[in-house]
2 protein chains.
Amino acid sequence: MTSTKERILNTSLALFNRQGERNVTTNHIAEALGISPGNLYYHFRNKGTIVAALFERYSQHLLTLLEAPQGPLTWTIKTYYFEGLLASMWQYRFFHRDLTHFLHADAELAARYQAFVEIVLERGRVIYGELRSSGILELDDEQLQGLMVNTWVLMSSWAGLVHGLRPDAAADEALDEALMRHGVYQIICLEEPFLRGEAREHLEEMKARYRAANNTSTLLLGHVPGLDRTGSE
Amino acid sequence: MTSTKERILNTSLALFNRQGERNVTTNHIAEALGISPGNLYYHFRNKGTIVAALFERYSQHLLTLLEAPQGPLTWTIKTYYFEGLLASMWQYRFFHRDLTHFLHADAELAARYQAFVEIVLERGRVIYGELRSSGILELDDEQLQGLMVNTWVLMSSWAGLVHGLRPDAAADEALDEALMRHGVYQIICLEEPFLRGEAREHLEEMKARYRAANNTSTLLLGHVPGLDRTGSE
DNA sequence: TGATTTTTAGAGTAATTACTCTAGGAGTCA
DNA sequence: TGACTCCTAGAGTAATTACTCTAAAAATCA
């Protein structure tokens, strides 16, 4: 049986993801757990502590994933790797969504967050560097840096963007999953031009794996707009 | 002399951008303007109305910019064009930053926002399509769609990302400007692989124009990390 | 068993904050 | 001048909500 402390974190996370931290009160959390507010405050001295603890979990998890790009990476493995990363971030999506307020309210968290991003970018560069060494990517240093930043922007914002366009998705597990996977697809789009050799050959296969059954607009906007009109014939 | 209503919007915008909507109370706004809360509520029946009005301004402004890509675009013009877009979004940066809560609190705004994004993407595709016709970009339909979505992610999230990493930037106008321009640079990185002909020739010039004096990491993280270590020699 | 510590309940509080209400100033028009 | 409308002040309220406090149950340990 998980400890009360853990259960508080888990439920908070779920509620935050679904409704946004701002709309989830501490009493709310307690009620959802079937415990008293007093009990909650016995374990966490304030709401910010809960957020900070969740950030700790999140950052540890992500940094661990970024730690070990084991051996020479193939293109397929790399893609699964990205899926894992995005899935982890998706689990804690409330964080990037409500980031502004958290960092404004807690200077220490702000500092920790900044250090965190720094390491993420550093390790990301290493990984992209290895992909370059393996001949999977072909780009110069500046392009690598640009790609890295854009990848981070995409990964850290994808959940928020999706939430803005499809707030209903939280209720539908299949849709939720599809939208997350679409994020991986967008990352593939980001790197596509730099792919070489074997990777290039498997590109279409990988894209197909992560492309939504419907096209982007259908998924993100909930119906079919005039995508075809921009055709290049 | 601008009307009180206008002044309320302007000050709200400035405060929201600087401190985040959540940390700016209505009394705060009134005080900053030197008017009474009663007066404020005479002009806007609640806080959400202010946000909605600012969104109206913002969306109108952006859609107007996206309306008229006048005649055959050159690569340089296009880049200035992107600068204009990002600058506009930068002016209303609080919006994308605090989006979650706004859309959660106001269903009508959520609907309007969704329609807005739809049009933005549609017009963006048209513009990218014209760049393709002009021989500036070379990509297929699917790549164009992917690029469009990634551009939107970048544009709509850039301000939030920057704010998380450099909350101090709001106080320093030069830094603020540099960070915004860096967003343009990242957009250029996004398209770089698809550039052809004349555009390709001017690429370095354009990159130099928008690249920060220091490198990305310096700017975003406030000091120099080990960027050089990923060298490709 | 009794003593001590950990965990829980739940009523209650203090502070914040969006918003109201009344009354009066300031233009405008007859 | 007076009537009427628009705008403003500012004290005040109601509701929310993060958080406290006391006491008691439950676990731990001697």
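Convention: sequence-line order gives letters A, B, ...; per-chain numbering from 1.
- In this structure, E31(B) places its CD atom 13 Å from P of dA9(D), rounding to the nearest Å.
- The listed nucleotides are dG10(D), dA9(D), dA18(D); the one nearest the side chain of N39(B) is dA9(D).
- Rounding to whole angstrom units, CD1 of residue I35(B) and P of dG24(C) are separated by 21 Å.
- Look at NE2 on H43(B): it is 16 Å from P on dC19(C), rounded to the nearest Å.
- Below 30°, between 30° and 60°, or above 60°: for Y58(B) and F95(B) the angle between ring planes is between 30° and 60°, a tilted geometry.
- Rounded to a whole Å, the CG atom of L33(B) is 14 Å from the C1' atom of dA9(D).
- For Y41(B), the listed nucleotide lying nearest its side chain is dA18(C); candidates were dA18(C), dT20(D), dT8(C).
- Between E21(A) and R22(B) there is a salt bridge, with a side-chain nitrogen of the basic residue lying less than 4.0 Å from a carboxylate oxygen of the acidic one.
- Taking atom CZ of residue F44(B) and atom C1' of nucleotide dT20(C), one finds them 18 Å apart after rounding to whole Å.
- One can place CG of L40(A) at 19 Å from P of dT6(C), the figure rounded to the nearest angstrom.
- A salt bridge links R112(B) to E56(B): at least one charged side-chain nitrogen sits closer than 4.0 Å to a carboxylate oxygen.
- Taking a 4.0 Å limit (strictly below) on heavy-atom distances, residues 8-29 of chain A reaches DNA chain D at T25(A), T26(A), N27(A).
- Phosphate contact (OP1/OP2 of dC7(D), side-chain N/O of T4(B), threshold under 4.0 Å): absent.
- Ionic pairing of E191(A) and K78(A) is present here: one or more N-O contacts between side-chain nitrogen and carboxylate oxygen are shorter than 4.0 angstrom.
- Summarising the local packing, CD of E6(B) is surrounded by more than 12 heavy atoms from other residues, nucleotides or ligands at distances under 6.0 Å.
- Among the protein residues, G34(A) comes within range of the sugar-phosphate backbone only, with heavy atoms under 4.0 Å from sugar or phosphate atoms but none that close to a base.
- One side chain, T49(A) or N46(A), offers a donor N or O that lies under 3.5 Å from an acceptor on the other.
- One finds a side-chain N or O of S36(B) lying less than 4.0 angstrom from the OP1 or OP2 phosphate oxygen of dA9(D).
- Take the nearest nucleotide of DNA chain D for Y42(B) and for G38(A): the residue whose nucleotide is more 5' is Y42(B).
- Annotation: H96(B) is in aromatic contact with W152(B) [ring centroid separation under 6.0 Å].
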